Structures are given as structure tokens and as C-alpha cells.
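Please read the structure below before turning to the comments.
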Amino acid sequence: QVQLVESGGGLVQAGGSLRLSCAASERTFSRYAMGWFRQAPGKEREFVAVIWMIGGSTDYADSVKGRFTISRDNAKNTVYLQMNSLKSEDTAVYYCATGIYGSRGEADYAYWGQGTQVTVSS
């Protein structure tokens, strides 16, 4: 059972930055894809970014491309989401997730964290 723990959420003004972290308990973390999703109030959960652990390829939702950066530290079993130029519409609960393949679809992720709240004030 892989456990994921997110941290780094909080309240920030529009235009500011936050870095989210997601620590995984599994030693085989380096073989998995790691994704970030978010869910705003009253909306469905949506894909944000994914990093494939072998090769390090990444993919981003169009809404965050150029502002967010996903990265990982295999030695620490941790993936990060650096969020810059934050907008009010980025306000959501952010979840990290892991799966063997990874994609933009939630179904490809077997394990999920509990979520961390990000609030961007305008």
C-alpha cells in the first residue's frame, strides 16, 4: 500500500507562488508516474500535471502550462509542484496521485493523497 502525504498548501495573493510537496512511502516510488490533480468548489476534479519517473517526461494542463512546474526527487521519494503567477481560479484542493502508467485520467492512478488546500486571493 503506497501512502502519499501532500504539504505546502496555504493562502497566497494573486501573482504569488507556492510549492506543494508530495511524499511517498513506497520504496519503488522511482518507477511510478506521479500526478497532481485539483478540485475547486462545485467542480469536478481535474488534471494538473504528471511526471513519468523513468525518463522524467512531463505533461501539463493548458491552464497551468508555463506557470506550474512538476519535478521529483527520487532520493527523497518526493514530487513537487511549483506554482507561480497564481490566479484566483487556481483555488482548489490539490491532490497528488501515483500509478504505474500515469496520464491525464484519474483511472490510471491507484493511490491518492488526502489533498492540500490552496487559496488564491485576488
Side-chain angles (χ1 to χ4, degrees):
Q1 182 81 9
V2 177
Q3 293 184 327
L4 304 175
V5 179
E6 302 101 333
S7 61
L11 174 64
V12 63
Q13 289 188 332
S17 298
L18 280 176
R19 189 178 79 156
L20 305 183
S21 300
C22 175
S25 63
E26 176 57 57
R27 289 185 301 169
T28 55
F29 168 83
S30 62
R31 300 205 301 263
Y32 295 175
M34 296 291 295
W36 285 97
F37 290 76
R38 67 186 182 185
Q39 187 168 20
K43 296 187 177 181
E44 294 186 351
R45 190 157 54 186
E46 65 176 3
F47 166 79
V48 175
V50 60
I51 184 166
W52 282 272
M53 308 311 277
I54 298 176
S57 297
T58 58
D59 185 28
Y60 296 91
D62 288 345
S63 59
V64 307
K65 198 172 296 183
R67 300 187 298 121
F68 291 10
T69 302
I70 189 171
S71 62
R72 92 280 192 190
D73 184 335
N74 287 348
K76 295 182 178 180
N77 286 0
T78 299
V79 66
Y80 304 97
L81 185 69
Q82 177 67 43
M83 306 185 294
N84 299 328
S85 302
L86 283 161
K87 306 175 182 179
S88 58
E89 51 262 45
D90 294 318
T91 295
V93 177
Y94 283 72
Y95 299 89
C96 69
T98 186
I100 294 176
Y101 300 109
S103 71
R104 295 188 173 201
E106 294 184 36
D108 280 343
Y109 296 86
Y111 303 101
W112 292 78
Q114 81 288 351
T116 185
Q117 176 70 47
V118 171
T119 303
V120 183
S121 63
S122 57

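No hydrogens, no waters, no symmetry mates; every other heavy atom, side chains included, goes into these values. These figures come from a predicted structure and were not determined experimentally.
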Does atom [atom1] of [X] have more than 12 heavy-atom neighbours from other groups under 6.0 Å away?
X	atom1	value
Q117	CD	yes
K65	NZ	yes
L11	CG	yes

>> Tell me every residue that passes salt bridge (Lys or Arg N to Asp or Glu O under 4.0 Å) with R19, counting only those two or more places apart in sequence or in another chain.
In response: none
> Who passes salt bridge (Lys or Arg N to Asp or Glu O under 4.0 Å) against E46, sequence neighbours left out?
Replying inline: R38
Any donor-acceptor pair under 3.5 Å from [X] side chain to [Y] backbone:
X	Y	answer
E6	C22	no
T91	V120	yes
Y109	S103	yes
Q39	A92	no
R104	F47	no

Working to the nearest 0.5 angstrom, can you tell me the gap between [X] [atom1] and [Y] [atom2]?
X	Y	atom1	atom2	result
S21	R72	OG	CZ	15.5 Å
T78	M34	OG1	CE	8.5 Å
L81	T116	CG	OG1	11.0 Å
I51	D59	CD1	CG	11.5 Å

Can you see which heavy atom on [X] is nearest to which on [Y], and at what distance?
X	Y	answer
V48	V64	O-CG2, 3.6 Å
G102	A33	CA-CB, 3.6 Å
D90	R67	OD2-NH1, 2.7 Å
N84	S17	OD1-OG, 2.9 Å
V93	G115	CG1-CA, 3.8 Å

Given the rule that I, L, V, M, F, W and Y join up when any side-chain heavy atoms are under 4.5 Å apart, are [X] and [Y] in one cluster?
X	Y	answer
W112	V79	no
V12	M83	yes
F37	I70	no
Y60	L86	yes
Y111	V50	no

>> The criterion is side chain to side chain donor-acceptor pair (under 3.5 Å); which residues satisfy it with T58, sequence neighbours excluded?
In response: none
> Under a 4.5 Å cut-off applied to non-hydrogen side-chain atoms, are E106 and Y95 in contact?
Replying inline: no
> Is the F68-W36 ring centre distance short of 6.0 angstrom?
Replying inline: no
